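Worksheet: one structure, shown below.
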Protein chains: 2
Amino acid sequence: MAKDKTDNETGGGTGGGIQSLDAALRVLMFMASRPGPLSLSELAREVDMPPSKVHRYLASFLHAGLAEQGGRSGKYDLGAGSIRLGLAAIGRHDFVNKPSAHLEELRDATGLTVLLSVWGGGGATVVRWERAASPIVTSMGLGTTLPLLNSSTGRIFLAYAPQATVQARLAEELAQAAQNPAVLGDVEPTRSGVDALIERVRGMGYATVYGDYIPGLVVVAAPILDWQGEAQAAITLIGTNPKVVQDGSDEIGHLLDFCRAHSFASVGSEG
Amino acid sequence: MAKDKTDNETGGGTGGGIQSLDAALRVLMFMASRPGPLSLSELAREVDMPPSKVHRYLASFLHAGLAEQGGRSGKYDLGAGSIRLGLAAIGRHDFVNKPSAHLEELRDATGLTVLLSVWGGGGATVVRWERAASPIVTSMGLGTTLPLLNSSTGRIFLAYAPQATVQARLAEELAQAAQNPAVLGDVEPTRSGVDALIERVRGMGYATVYGDYIPGLVVVAAPILDWQGEAQAAITLIGTNPKVVQDGSDEIGHLLDFCRAHSFASVGSEG
DNA sequence: AAACGTATTGCGTGATACGCAATTATTCTG
DNA sequence: CAGAATAATTGCGTATCACGCAATACGTTT
């Protein structure tokens, strides 16, 4: 009975359920993480798989409509089936639908630009936002993927998302940061530096960043937690006045109130 | 040399690339076609696969974040990874991003509610819409899946989408219609009836429906075609005044102009 | 035209996903 | 609160099928 199930979880920690499916989905999610269409060879190189393998995966994606092959360039890109899937998913997450009105309230209460992001598929994705009247130019569209270490939103997920799901992305960013340490500013690009960061964020319940990711801006983020204490989503405030990110500011108060009010909302429709 | 490759394509016409991946994606897209969370057994029954198989697929989907397991109900639902995927896909389709301003123009020119839909993953999905000032209550959200036979939008895809991709859904709706023929109104729920419908739509270049899907409303739709003459998207006008769907009306003129103007726009970013 | 890079397709085989059944968790019921 | 029934999950052996390799077809560059 003392089955050593541990040897499933060895090493790389890739294992979901079915190996080939995991590999295929990795290709798909990689496509989602890239801005434009990709050729077969690019794709194969980046995900480190033989082209024939990727090609067969793509054939299935094409068939499902999740991917499509653009123009005569032959490059592959996400397709209408992915849109369909995504909109269907959005329609189910209460905190993606409901808060649109509430987000406006928060925007009006703070006078800041408000962002709603979710964690999933190996990245933090901006799902909805309300822009403040102030002349802040955020060149940030829906679907933007935020960095884990370098944005307050990312740090929220770093601290509150299921640890297993952040590892891959974290390793990636640490590797990058090792070559360009200056970017990170207030965090040491090491495991212990990251651990300290996580502790700090958890202690405060929110994360602040002074224009690291977006120069000249101040950003605060806080988590919307589910019943397990894990982040289902994050709310982010973006402004220019440094005092709003000082501990105890009204804006942070509003933010935390909002997040508390929406935490523990179920994902699907529960009875 | 005379390889009988034909026996790949036998019968059901399921074949994309990899069998197991096709099956898995069928499960995923099925989840997208259903409004709420599903239990394992429901899911297994509906897609007609053994529960263990579906369970393993779900494990991979969970790992990729495409699905998640809700609350303590244990039911499965689409996850944040799907949102991530969908938003990434939306960000690439020119005609999903660009027209938002143009859609307003069309709305103002016609005074009607304007819908933008895409075909993919076995269904027609509403991607964007501009509501007219008139007091029309459309309880139709983003991500709504439209019927193929029973909506003008669906009929556009029926006539202009790649035939192979509509077969499955068409068969489904015909089966339903066989039990409830009255619903269809002006179309006979048979193959020949559908063929006649397709001919009619192609001849006109647009499709009209008098309140079949939405009682009391009149609806016109026309396709946005790609370079292959296949429908990449459809534009739909919704109103109450029957004369707008009469052949040669100003509204239909505006609609067709709009669709012509946006046809042949590439999907990805081409050079 | 030749040479290169890229995409696609066959083929045999070893890995692996599948079906079945046992086990565990959860819900219904008397 | 038992006890049963249903649903979810996990093991295991085997037949299947996805993989890697290499040949071919395609398109582009020099």
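Chain identifiers are assigned alphabetically (A, B, ...) following the order of the sequence lines, protein sequences preceding nucleic acid strands; residue numbering begins at 1 within each chain. Here the structure is a predicted model, which is why all the values come from computation and not from measurement.
For the pair A:Gln69 CD and D:dC26 P, the computed distance is 14 Å after rounding to whole Å. Distance B:Lys75 NZ to D:dA8 C1': 14 Å, rounded to the nearest Å. Across the protein-nucleic acid pair, B:Ile18 atom CD1 and C:dT16 atom P stand 13 Å apart, rounded to whole Å. What separates CG of B:Leu21 from C1' of D:dT16 is a distance of 16 Å, to the nearest Å.
Using modelled atom types and a 3.5 Å distance limit, the side chains of B:Arg128 and B:Ser117 yield no donor-acceptor pair. No hydrogens or angles considered: nothing links the side chains of B:Arg84 and A:Ser33 as a donor-acceptor pair under 3.5 Å.
Base contact: A:Leu40 has a heavy atom under 4.0 Å from a base atom.
Between B:Phe61 and B:Leu78, every side-chain heavy-atom pair lies at or beyond the 4.5 Å cut-off. Residues B:Gln232 and A:Glu68 are in side-chain contact: their nearest non-hydrogen atoms beyond the backbone lie under 4.5 Å apart.
Within residues 47-62 of chain A, the residues that have a heavy atom under 4.0 Å from DNA chain D are, in order of number, A:Pro50, A:Ser52, A:Lys53, A:Arg56, A:Tyr57.
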What's the verdict on side chain to side chain contact (heavy atoms under 4.5 Å, CB included) for A:Leu149 and A:Leu197, showing C-alpha distance, side-chain angles and the deciding distance? CA-CA 9 Å; A:Leu149 291 170; A:Leu197 172 64; 4.1 Å; yes
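Looking at A:Arg34 and A:Glu46, a side-chain N of the basic residue comes within less than 4.0 Å of a carboxylate O on the acidic one, giving a salt bridge.
Both A:Ser20 and B:Tyr76 lie close to DNA chain D; mapped to their nearest nucleotides by heavy-atom distance, the more 5′-ward contact belongs to B:Tyr76.
Dashed line: the shortest gap from a side-chain N or O of B:Gln19 to OP1 or OP2 of C:dT16 is not under 4.0 Å.
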